[in-house]
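In each ligand, atom 1 is the first atom listed, and ligand 1 is the first ligand listed.
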Amino acid sequence: MISSANTNDKTIVAPATPLGRGAIAIARLSGARALEFALKVTKLDGLTPRYAHLAYLYDAAGQPIDRAIVIYFKAPKSYTGEDIVEFQTHGGEAAINALIDTLCALGAVLARAGEFSLRAVTNGKMTTDEAEAAAAYAAARSSKAARALAAHLRGDLGRFVDEVRSRLLRLIAYAETSIDYAEEELGDTRAAMIRQLDQIERLLSATLEASLRRKSLLRGFEIAIIGKPNAGKSSLLNALLGEARSIVSEQAGTTRDLVSEDLRLGEHIVRIMDTAGLRRGENEIESIGIEYAKNAAKEADLIIALFDGSQDFDENDEAVLALIGSAKAIAAINKNDLPQRIDLARLARFESVSLSVKNDIKPLLNMLQSWLDRQIGGEETTLISQRQIALVKNAADSIASARARLASGELELFSYQAQEAIGFIGALTRPNDYGELLDTIFSEFCLGK
Ligand SMILES: Nc1nc2c(ncn2[C@@H]2O[C@H](COP(=O)(O)OP(=O)(O)OP(=O)(O)O)[C@@H](O)[C@H]2O)c(=O)[nH]1
Ligand SMILES: [Mg+2]
């Protein structure tokens, strides 16, 4: 448990639902004086824990603010482990703002982002990695992402930590007992230990790779459509969205700005970007648009390179290939309703699909969906924050050093490095510096969480 009495002695309040229109808006009040403040704004004599009270709320001048559902969660059975009162007011900002003003006038203070969750962690209601998962949950944009996070909340990370730790501890125990062995007795044991270390290293690197791959799963994948002018990029965006979002015309160089929209593809939410056609900028505005397109392609998780199949492969198409470089891309060959002239050999290195955006984009949709599904698969534990990724990288470095020590027979130094790796891995679920946590994890939270 962490001692942070000086930060936890205030009673905090914040809206727990996004501000704006909605059927209800919820404010959350947490801390030692939560019940006292709630009784004052409701003018009630008491609140039954976990009971939905219908009550009027009054401001400091005694004027009614709203009629609301008020629920009291008595410590320690609440999200934060403290007394919490939740107020469900009518949607819109007026009532909830008046309520929060009143509570602040009584002595509550506005919560900082993530402060409720921080209290939950300091009061032992939640582990740090569960809090990280909760933060990612708030930002997750698809049901697939939510499922990956649910695995986290189930404790997959804890199992990963236990497994790596116990394997390393076993190796350290071996090392300690064999320190007194003669060199010839040591040979076999050492080879077996190195094999074990290699396995641990592979487990860590597989976890890192899978996590980086899934990073986009949590925030949503970004897909950029690039191609030469008139390839049909804007037509494709519109067809994907099912609405005329981007201007389409037979004039080359129509799109100059970056147009991006969110799109649901099966269980995924993706951000799709229509870009300016790539060619030598005819004028300043167009070349700015082309710069945007280049950036979008660089940032994207996947590029859809769109080609006009009814035309010869030309220098602008060449520019498209150059821009893709080694990025992940699929080639979509458009306008197959017209006679085809493009030299397909030039696109042989890509996974490709032929279609007519004008008639039917289904072939491309199927390909996109299977690409997205492939990004997620695998059974590896997902690391969900920069902090977790950095810890696993550090552990992998320590293990690499440990391996070198072992190979050169320096058993004591091996043990030291292996202990260090255990320290990094252990910090995934039991961090030793809570001050740093505050900055890195809880600042990613939204207000009222
Ligand atoms: N025949 C045929 N024409 C198409 C198809 N898809 C798009 N077009 C036409 O191609 C022209 C260019 O389409 P856009 O969607 O504006 O092309 P773009 O790639 O966005 O072009 P820029 O914004 O200028 O870079 C329009 O006249 C479209 O109607 C298709 O599948 N078949
Ligand atoms: Mg366009």
In this structure, CG of L171 is separated from CZ of R403 (nearest 0.5 Å) by 12.0 Å
The atoms of ligand 1 lying under 4.0 Å from a heavy atom of S356, numbered in the order shown, are 30 (C), 31 (O)
Exercise. Check the side chains of T429 and T127 for a donor-acceptor pair under 3.5 angstrom, ignoring hydrogens and angles.
Key: no
for atom 6 (N) of ligand 1, nearest protein heavy atom and its distance come out as N334 ND2, 3.2 Å
- Task: Verify whether one side chain among S246 and D274 offers a donor that lies under 3.5 Å from an acceptor in the other.
- Result: yes
Salt bridge or not between K328 and D301? Use side-chain N to carboxylate O under 4.0 Å. no
In this structure, atom 21 (O) of ligand 1 is nearest to the protein heavy atom N230 N, 2.9 Å
Under 4.0 Å between heavy atoms, the region of L236 that gets near ligand 1 turns out to be neither
Note to self: Test your reading of the structure: does K233 have an N or O sitting under 3.5 Å from an N or O of ligand 1?
What the structure shows: yes
protein heavy-atom neighbour closest to atom 26 (C) of ligand 1 works out as S249 O, 3.7 Å
Please determine whether any non-hydrogen atom of G253 lies less than 4.0 Å from an atom of ligand 1.
yes
Within the 4.0 Å heavy-atom cut-off, what A252 brings close to ligand 1 is backbone
Specify whether an N/O/S atom of S234 falls short of 2.8 Å from the Mg ion (ligand 2). yes
**Asked** For E299, does the CD atom sit with more than 12 other heavy atoms under 6.0 Å from it, leaving out its own atoms?
**Response** no
N359 to ligand 1: N or O pair under 3.5 Å? no
Does atom CD (Q251) have a neighbourhood of more than 12 heavy atoms from anything else shown, all under 6.0 Å?
no
re atom 7 (C) of ligand 1, the protein heavy-atom contact at minimum distance is S235 OG, 3.4 Å
among protein heavy atoms, the one nearest atom 9 (C) of ligand 1 is K335 NZ, 3.9 Å
| query | Side chain of R50, backbone of K77: donor and acceptor closer than 3.5 Å? | reply | yes
Original post:
Do the side-chain N and O atoms of S398 and Q417 include a donor-acceptor pair separated by under 3.5 angstrom?
Top reply: no
Atoms of ligand 1 under 4.0 Å from any heavy atom of G277, numbered from 1 in the order shown, are 25 (O)
**Message:** With nothing but distance in play, are any N or O atoms of V248 less than 3.5 Å from an N or O of ligand 1?
**Reply:** no
query: Heavy-atom contact under 4.0 Å between Q251 and ligand 1?
result: yes
Checklist line | N or O contact, T275 vs ligand 1, cut-off under 3.5 Å | finding: no
With heavy atoms and a 4.0 Å threshold, my read on which part of D337 contacts ligand 1 is side chain
Q. With a 3.5 Å cut-off and no angle check, do the side chains of N336 and S354 form a donor-acceptor pair?
A. yes
Should the heavy atoms of other residues, nucleotides or ligands under 6.0 Å from CD1 of I247 be counted, would the total exceed 12?
no
#### Entry: Side chains of Y79 and S117, donor plus acceptor under 3.5 Å
yes
Going by distance alone, is a donor N or O of one side chain under 3.5 Å from an acceptor N or O of the other, for D257 and Y292? no
Should the pair R271-E261 be classified as a salt bridge under the 4.0 Å nitrogen-to-oxygen rule?
no
If we number the atoms of ligand 1 from 1 as shown, the ones under 4.0 Å from a heavy atom of T254 are 22 (P), 23 (O), 24 (O)
Quick look: S246 vs ligand 1, heavy-atom contacts under 4.0 Å, and the answer is neither
Polar atom proximity, G232 to ligand 1 (N or O, under 3.5 Å):
yes
In ligand 1, the atoms that come under 4.0 Å of a heavy atom of E250 are 27 (O)
ask   = Okay, side chain of T89, backbone of A25: is any donor-acceptor separation there less than 3.5 Å?
value = yes
_If I apply the N/O under 3.5 Å rule, does V357 come out as touching ligand 1?_
yes
### N, O or S atom of T255 closer to the Mg ion (ligand 2) than 2.8 Å
yes
